[in-house]
Each structure stands twice: as structure tokens, then as C-alpha cells.
Amino acid sequence: MSGPAQHARRRTPARIPRRRRLGDVLAGLGALASLLALVGGVPYALLLFVGPPIGPELLDLDLLTTRIGPSTITAVLILLVWLAWLQLFACVVVEVYAGVRRVGMPARVPLSGGTQALVNKLVTAALVLFTTGAAMAPIARLATPPPTMPPVTAVAFTAPVVEQQVVDNQRTKKVYVVQPPHGRHHESLWEIAEKCLGDGRRYPEIFRLNQHKEQPDGARLRMADLIRPGWVLDMPDDARNTHIVPAGQARAQTLKEHPGPPKKSATEGDQRGSGDERAGKGGVTDERKGERGSAGERGSGDQRSGERGSGDQRSGDQGAGNERSGDQRSGEQGAADAQAGGSALLDVLSGASLAAAGLLALLAVRRREQLWRRLTGRRVARPQGDAADAEVALRMGADMPGARILDLGLRLLGAELGAQGRTPPTVYAAHLSARSLDLWIHPKDDHPPAPWTADDGGQVWRLPAREGRLLPDHGSPAGDDPANRHTHLGGAPYPGLVSIGTDRSGRVLVDLEAAQGLINIRGPQTTAALAALAVELATNRWSDRMRVTLVGFGEELTVIAPDRIRAVGGLAEVLPELEATAAPREAVLTGRVTGRPGVAHYLLSAVAPTHDEARRLALLARNDLAGYVVAGDVPHATWTWEITEDGTARLPELGFEVKAQLLPRRHYRALVDLFRTADRVDGEPIPGPEPLADLRPPAVEIRILGPVQVIGPQPLEEGRMALAAELLVYLATHPGGVHPVVLGGVLWPRGVQPSVRDATIARVAAWLGPEHLRADESGRLSLGPGVRTDWALFRELVRRSHGDQMARTVLLEKALGLVRGPLLRDRPRGRYAWLAADELEYDVAAEVADAARRLCELRLAEGEPEAAIAAVRAALLLAPDDQSLWRDLLRAAHATGDLVRLRAVIEGLTRRAAGSFAPETEALIDELLPSWRVHLVRESTA
């Protein structure tokens with residue numbers, strides 16, 4: 001060979017062996033024997049030959065005043081030996097835990113660098129005896145084996161695809177760029193090794209390749225558990241999901257050219273399309289799509305089609321006689337492409353955790369009003385497309401505890417300061433993390449009211465998270481609407497606190513009022529930043545009365561909070577009003593802490609002001625307690641807020657540089673569509689259920705009409721049940737079958753490695769048995785006929801009640817007897833977010849309420865009001881905000897002739913609705929008990 005071909009090289013990565021070799025077994029046995037000797041033999045020998053850790057010499061109280069003899073020195077040396085063994089034992093525990101549980105990088109035991117490194121090698125070798133490359137049979141083997149390779153393969157347990165790269169005239173290397181944190185998730189060397197090398201325990205190889213090498217930010221890798229986003233790591237030759245760069249290229253140049261996650265090479269794509277048999281049978285070979293692309297798969301195919309059972313078959317498998325083509329990648333690729341938008345919505349909206357909490361609270365108010373107007377036989381309108389993806393993202397990202405701590409903590413602070421006659425300090429910024437809420441104040445003050453504490457010389461007031469969680473929610477808010485929220489803790493002293501972005505440890509907020517002047521916002525993403533400010537200001541819990549004026553943008557946002565947001569075309573429209581309503585700063589602050597708050601006003605302008613408008617705004621901002629954020633080049637601004645093209649927010653006056661909170665146009669359009677859907681009162685028809693032939697108890701029952709329960713199989717080990725239950729609930733409510741890729745996107749919306757997904761499915765299959773969890777030839781998963789939900793039984797009983805006039809009341813009572821509480825009550829936080837894009841939640845609420853109302857009418861017609869009350873109360877367990885049910889309960893209570901019971905029902909409804917009644921409900925109460933208002937007033941004054 002000559003010319004360029006002479007220098008071409010093929011890089012053949014080493015394959016991970018499928019089986020253990022004899023040398024591995026011998027090494028593992030030796031390591032295990034060494035560990036047993038160190039952990040058990042050493043303390044036994046010490047106790048036998050030298051005695052316990054603390055001898056009598058060290059217990060002598062005169063030790064510090066008498067002369068130290070040889071026996072005392074010996075006792076001290078014995079104690080040191082015992083401490084050394086205890087440190088070694090701690091290293092063994094930490095390394096074994098990390099290796100068995102696969103938690104990532106092991107924790108560092110203090111002062112044990114060399115010892116822990118030795119223990120790490122011994123534990124790694126010993127674990128070889130207890131792990132195997134085929135620890136879990138792939139789920140595809142549960143189906144009848146086709147003549148080709150099974151359609152679903154656990155990727156981590158197969159030999160990696162050989163990545164061949166031809167490089168002309170230069171040597172290359174593989175590198176990985178550490179990605180920025182995703183929510184609260186930070187990458188570790190273990191995860192990178194698991195993703196790129198197929199085994200997290202190979203992380204020391206990456207560490208050794210990069211130890212002490214300078215990174216783009218000037219730092220060096222010195223500890224294996226400390227890596228930073230933007231670092232460029234050299235990778236072993238057999239790594240996958242990496243960038244391939246010239247061997248001598250500087251790391252800063254690599255980062256500049258490859259800032260994002262790696263893409264598959266064309267060579268791999270050709271291999272996958274031509275020779276990889278798995279791709280032709282629905283297997284997963286593109287791991288990057290398995291991790292990221294699956295995030296949006298929840299909305300495509302079997303969820304948003306509106307037809308249970310159709311799922312992702314739109315790729316071409318439409319008829320029984322229609323043969324699947326050898327290349328199923330087109331269907332999976334189409335699903336992945338359709339998911340890209342959902343993934344983008346997830347990343348942005350779930351990251352705005354405080355805004356998400358406020359938006360969900362407002363959405364709950366709208367949904368409650370939809371229930372008031374729902375017609376029998378129809379469910380409330382549910383979101384579709386981007387709107388559904390937006391609600392999924394909001395449910396995943398909403399930080400309800402954080403919003404509550406901000407609300408109650410700030411109100412308590414204001415109330416305590418007001419009771420002491422102190423003026424609240426100026427709060428420039430706040431930082432909300434999992435550990436605490438910190439306020440940067442001026443002037444310094446070392447004496448904050450309890451439970452707040454002072455730090456940094458009184459510059460920071462801190463509320464520990466554990467104290468914030470214990471704050472009582474005095475008083476009942478008027479619904480979840482922020483505009484009507486009130487509490488006996490006091491008024492909201494800092495309604496202008498709003499998120500500007502996140503840093504590594506939490507969320508950074510600034511108080512727009514603290515600038516006491518104009519805030520100038522600049523950069524290519526100005527409007528997206530202003531939209532994010534507007535949404536959080538208009539929906540937050542920690543404010544009372546508020547008005548947000550948007551200039552030159554955001555007219556659509558008024559649908560979210562019309563009582564708080566207004567949009568105008570230019571500054572000239574609002575300046576006269578602002579000048580007329582300006583209020584002195586001290587008077588407003590005093591009113592807030594004494595319970596007489598005014599209207600907090602904030603102006604967000606995407607239009608650059610003229611010279612005269614800038615002068616008038618600056619004068620207003622100096623004297624008025626309000627916030628003014630203005631785009632364009634504004635001279636003499638107090639703060640300058642710059643949003644860079646890569647989404648970084650810089651506030652040099654406060655020293656902040658954070659990842660900006662943004663709401664791009666597509667994202668807030670999705671929010672607008674979501675709220676417009678929540679305003680629809682026409683509803684949607686409910687599709688009829690599939691008939692059940694057998695009502696006998698099933699082999700496995702999945703109960704979802706209340707706390708989720710799986711009845712039948714043996715209990716699953718602790719810690720795995722929540723995920724397994726969600727998997728079964730999704731499959732049970734989508735009986736047409738679900739592809740594993742789609743299922744992975746549902747269970748792990750932020751992405752997951754295919755090996756983790758397949759191992760989870762295989763574990764659940766082994767738990768249930770192959771007759772209950774099956775895979776067809778295309779790889780689609782479904783549950784067997786021996787598995788049934790209480791929801792399916794409920795629908796069948798109600799269906800039969802329509803055709804059996806003699807037994808209809810009995811059938812309806814049996815159906816309502818299945819209801820034990822709200823749908824999937826007590827589900828773990830962050831799970832089941834897919835319900836927002838699925839019809840299940842909407843169908844259950846509507847059908848249970850309709851069944852209860854029908855039974856109530858039957859029982860009242862039969863003259864049995866007590867049975868009617870029992871029927872309605874069963875449905876209220878699941879749909880407590882449906883006021884049509886409350887109206888039936890009022891009628892049934894009135895039919896008993898017991899006024900005390902009727903008053904009790906009215907009081908319960910008043911507490912539940914916080915005084916917010918549908919017109920039909922209020923009219924009915926006036927008809928049944930005209931004096932109810934007088935009675936409630938007497939009760940409240942008493």
C-alpha cells in the first residue's frame with residue numbers, strides 16, 4: 001500500500017468478554033480471601049495477641065498528670081493500629097456498597113487515599129465472582145423465538161459495535177466532553193464509563209488517562225469524584241459515544257468545536273443500516289437515542305394517538321397480513337424525531353421549577369372550574385401535542401416544597417419584623433437550594449427573627465430547609481390561585497423576588513424592587529428571559545396583589561393570569577398611569593408587613609425606550625417601590641443584566657453568572673395552548689370500554705383506584721417496587737402493546753441507558769412470570785390475560801349495569817366499592833408525569849363521578865337517601881373537587897330531613913372549595929338552606 005492509504009489505520013476496540021476467564025476467577029478468589037483476612041482476621045488477631053482498642057492504661061484518670069511509662073505508649077500504639085483497621089474496614093464497606101449498588105463513584109473515606117485505592121482493587125476483583133455478562137435474560141426471549149436474533153437485546157451485555165474510523169495523514173484519539181448538569185443530575189466518571197465503555201467499574205481507566213492533565217478552564221483532574229462541565233476527557237480506544245479528534249489538538253479547541261454531546265459517526269450508521277440484524281428487528285443500537293431521544297417518546301405513538309392499542313404501530317405494522325419490513329428503523333426514527341420537540345420542552349420547562357409550581361397551581365384552579373361545567377358522559381378537554389408535553393414537563397420539574405418554603409418563610413419573616421416594629425431590610429437576592437433559603441440583605445443585621453439565622457457577618461439571613469418544612473400553613477388559601485392567596489402568617493414582603501437562573505447548587509433569585517432604578521436587559525435572548533420573568537411573577541405563591549405590564553411582547557401570556565398580566569404596545573401607553581400611581585417606598589414596605597399591602601407593580605419591556613421615556617422611567621424607579629426591566633441600550637441603569645447566546649445570565653453588579661431561566665416562544669406558546677385547553681367547557685366524549693369476558697379474580701391484580709397495589713406475585717425487593725408498579729400500570733392501561741423504547745421514554749423522561757431499561761423490564765418479567773409479561777415478534781410488550789386492573793373491572797361493571805335493569809344498583813355499588821381514594825394516591829414525587837398526556841386521568845374522574853351520580857339518582861328514587869349518600873361519598877374519595885358530586889350529596893343529605901347533617905355537608909364543601917362555588921352550587925345551597933351564610937358567619941366568629 002502507498003500514499004494516504006499507507007497511513008490509514010483501523011482502530012479495533014477491545015471487546016468486553018462475555019464469560020469470566022480462569023484468571024479472573026483465581027484473582028477474584030484471592031481478592032476475596034484477602035478481604036476476609038483483613039476484615040475478620042486482623043481484628044481477631046489483635047484481640048487475641050494485643051487486646052482491645054482501649055486498654056486499662058488509657059482509662060486511668062491520672063494519665064495526664066503522671067509520668068508516661070512504656071505500657072502507656074504501647075497502649076497508644078495499639079489504639080492507633082485499631083484505628084487504622086477501622087479506617088480500612090470503612091473503605092471496604094464504602095467500596096462494596098458502591099460496587100454492588102452501582103451508585104457511581106464511591107464516597108471518599110477521609111485520610112485513606114492509598115488504603116482505599118488498594119481496597120478498590122480487591123473489591124473490584126472479588127465482585128467478578130458475583131457478576132456475569134448474562135445476569136438477566138432479555139425480555140425478548142419471553143416470546144416465541146423468531147428465526148433471527150430476538151428483537152430486544154440488553155445492550156450492555158452484548159459485544160459493542162465496532163466503530164471504524166479512517167483518518168488520513170494524522171493520528172486521532174477519542175474524547176468525551178463533560179456535559180452541564182441536567183436539573184439536579186451531574187455527570188460522574190462512573191456514568192461516563194458506563195455509557196462509553198459499557199461498565200461503570202472501568203472509570204479508573206478514564207481517570208488514569210486524564211490525571212493531572214490541564215483542562216480548558218485551567219484546572220486539573222486530581223480526584224476521581226471531582227469533574228466539571230466543559231472538561232475534555234481522553235477516552236480508551238474501545239469507547240463509544242465519543243468525539244474523534246486529532247491526537248495533538250488542544251482541549252480548549254476540542255471544547256470549542258464539540259460543545260455538545262457526541263453524535264453517531266456515519267460509519268456506525270452504515271453498519272446499523274446494512275449489517276446489524278438487531279436494527280432490522282426492533283433492537284436498540286443507537287445508545288444516544290436511548291438516553292436522550294427517548295425522553296419525548298411518551299407523547300408519540302401510543303399516548304397522543306388517542307386510540308389505546310394503536311401505539312407506535314404507525315411505522316407500518318397496520319394489518320395482520322402485512323409483513324414487517326426488515327428495517328424497522330424507519331418507525332423508531334420517526335418516533336424519535338417526533339420526540340425531539342417534547343424533549344426540548346422537558347428540558348426548559350422542567351428546569352423552571354418555581355414557575356412550574358405556580359403554573360400547576362393555576363392549572364388546578366382551571367381544571368376545577370372545568371369539572372363544574374362537565375356534562376355527563378363527557379370528560380374535560382385534555383391537552384394535545386406540545387401542550388401535553390408542557391404539562392408533563394411541569395409535573396416533573398415543579399418544586400412545590402421550594403415554593404412553599406419561599407412563601408411561608410418570607411411571610412413569617414415579614415410578620416415577625418412587623419411585630420417587633422422593624423422595617424424589613426432590602427433583599428437584593430436569594431438562593432434556594434435543597435439545604436436552605438438564603439437572603440442577601442442590606443444593611444447588615446446580626447439579629448434576624450427565629451427560625452432565621454445570620455451568616456457572613458449579618459449579610460445573609462438563612463432559613464434551613466428542615467425548619468422551612470416545619471412551618472405551619474396557618475389559614476387556608478383561597479384555592480390555589482396566587483391572586484387570591486392569603487395566610488395569617490402575614491403579607492408578602494418581597495413579591496418581586498424572581499428566578500434569573502440556576503447555579504450548581506440551586507436557584508438564584510433577585511428582587512426587582514431592590515435595584516431602586518432601571519434594570520437594563522441585553523442580549524440575543526432578551527424576550528425569552530422577559531417571558532420567563534413574567535410567568536413566574538404572575539404565578540408565584542409569595543405575593544398577594546400584583547400587576548405585571550408587558551411592553552412589546554407576550555400578549556398571549558395574558559391567558560395564563562388575566563388578572564395579573566396585561567400587554568401593551570409601547571411605553572407611552574403606561575407611563576402616565578405609572579407616574580400617577582407611584583407610592584413611597586417606606587409606606588409600601590410598612591403596609592406589607594402590617595397586613596395592608598398595596599398592588600405590587602412590575603414593568604417588563606422588550607421595547608427600547610426613547611431618551612425622554614428612559615428619563616421618566618429612571619425617575620420613577622428611584623422613588624417608586626416597583627420593578628422596571630427594560631431592553632435596549634439604557635444609560636445610567638442601576639443593574640445591567642446580560643443574556644448571552646449560550647443561555648448564560650450575567651449580573652455583574654451582584655456578581656452573578658448563572659444558567660439563565662428562559663421561556664422561548666415555542667415554549668410559552670405550549671403553555672398558552674395548555675391554559676386555553678383548560679378554559680374549554682365543551683369537553684370530549686369518553687370512548688367505551690373493551691368488554692371483559694371473565695369477572696373471576698385474576699392471577700395478578702393491579703389496583704389504581706386509590707393507592708397503587710400489585711396483588712398476586714411475591715413481594716418485590718425494597719426499592720424496586722415503585723418503578724415496577726409504574727411499568728405495570730402503563731402496560732395495563734395500554735393493552736395494545738408498547739415498544740421498549742417508548743416505555744423507556746415514559747418511565748425515564750430525562751433519558752436512560754438501554755441496558756438499564758432492558759434490565760428493569762427483564763426483572764419485572766422474571767417477577768411476574770413469562771405468561772404475564774410478553775413480547776411479540778416486533779418487540780412490543782403487553783400483559784397477559786391473567787393480569788387485570790381494578791379500573792378495567794370498574795368499567796365492565798358499569799357497562800353491564802346499563803343492560804341489566806334488575807341488578808343495576810348492585811353492579812354500580814360493586815363498581816364504586818372498588819374506589820379507595822384518588823387515582824394512584826401517594827405516588828412518588830416525579831413519577832407518573834405521563835398521566836398529563838394520557839386520557840386515563842381524565843376518564844377515571846369522569847366515569848367514576850357519572851356512575852356515582854347515576855346510583856345516587858336511583859337510590860333517591862327508591863327512597864333510600866342513606867345509600868345515595870354512600871354512593872356519592874365513594875366517588876368524592878377520587879374526585880373531591882367535582883361540585884356536581886357535592887350537589888348530589890347536598891340533595892341526598894336534604895332528603896334525610898336532618899338539618900345538622902345538611903349543615904355539615906355545606907361546611908365540608910366550604911372548606912374544600914375555600915368559598916369558591918360554582919353558581920349552580922351556590923343557588924342549590926340557597927334553596928335547601930337559606931340561612932347557611934348566617935350560620936357560617938357565627939361559626940367563624942365563634
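Note that the coordinates shown come from a computational prediction; the quantities given were computed from them, not determined experimentally.
- A salt bridge is defined here as a Lys NZ or Arg NE, NH1 or NH2 lying under 4.0 Å from an Asp or Glu carboxylate O, and Glu684 with Arg378 fails to meet this definition.
- Glu701 places no side-chain N or O within 3.5 Å of a backbone atom of Thr789 that could act as its donor or acceptor partner.
- Checking Thr896 against Asp898 by side-chain atom types alone, no donor-acceptor pair falls below 3.5 Å.
- The minimum heavy-atom distance linking Ala355 with Thr539 is given by the pair O-OG1, 4.0 Å.
- The closest donor-acceptor contact from the side chain of His734 to the backbone of Tyr730 lies under 3.5 Å.
- Proximity of a side-chain donor or acceptor of Arg541 to a complementary backbone N or O of Ala361 within less than 3.5 Å is not detected.
- Within a 6.0 Å sphere centred on CZ of Arg873, other residues, nucleotides and ligands contribute 12 heavy atoms or fewer.
- Arg373 has no carboxylate O lying under 4.0 Å from a charged side-chain N of Glu369, or vice versa, which leaves the two without a salt bridge.
- Shown here is Glu690, whose CD atom has no more than 12 heavy atoms of other residues, nucleotides or ligands within 6.0 Å.
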Can you give the donor-acceptor pairs under 3.5 Å from side chains of residues 820-828 to other protein atoms, not counting sequence neighbours?
unit_1 : atom_1 : unit_2 : atom_2 : d
Arg820 : NH1    : Pro707 : O      : 3.2
Arg820 : NH2    : Pro707 : O      : 2.9
Arg827 : NH1    : Leu823 : O      : 2.9

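- Between Asp888 and Arg891 there is a salt bridge, since a side-chain N of the basic residue sits under 4.0 Å from a carboxylate O of the acidic one.
- Within the 3.5 Å criterion, the main-chain N or O of Ile686 finds no donor-acceptor partner in the side chain of Arg379.
- The backbone N or O of Pro880 sits less than 3.5 Å from a side-chain atom of Trp886, completing a donor-acceptor pair.
- The backbone N or O of Leu705 lies less than 3.5 Å from a partner atom in the side chain of Asp790, making a donor-acceptor pair.
- There is a side-chain donor-acceptor pair under 3.5 Å between Ser801 and Arg854.
- Remark: the backbone N or O of Leu354 is not paired with any side-chain donor or acceptor of Asp399 at under 3.5 angstrom.
- When every heavy atom of Trp372 is checked against every heavy atom of Arg887, the shortest pair comes out as O-NH2, 3.9 Å.
- Between Leu362 and Phe675, the shortest heavy-atom contact is CB-CE2, 3.9 Å.
- With sequence neighbours excluded, no residue forms a salt bridge (Lys or Arg N to Asp or Glu O under 4.0 Å) with Arg788.
- At least one donor-acceptor pair under 3.5 Å links the side chain of Asn540 to the backbone N or O of Ser543.
- Between the side chain of Arg404 and the backbone N or O of Leu471, at least one donor-acceptor pair lies under 3.5 Å.
- A salt bridge links Arg395 to Glu391: one of the charged nitrogens lies within less than 4.0 Å of a carboxylate oxygen.
- Listed for the Arg903 side chain is no donor-acceptor partner under 3.5 Å among the backbone atoms of Trp932.
- Of all the heavy atoms in Trp834 and Thr733, the pair that sits closest is CH2-OG1, 4.2 Å.
- Between Arg411 and Asp544 there is a salt bridge, since a side-chain N of the basic residue sits under 4.0 Å from a carboxylate O of the acidic one.
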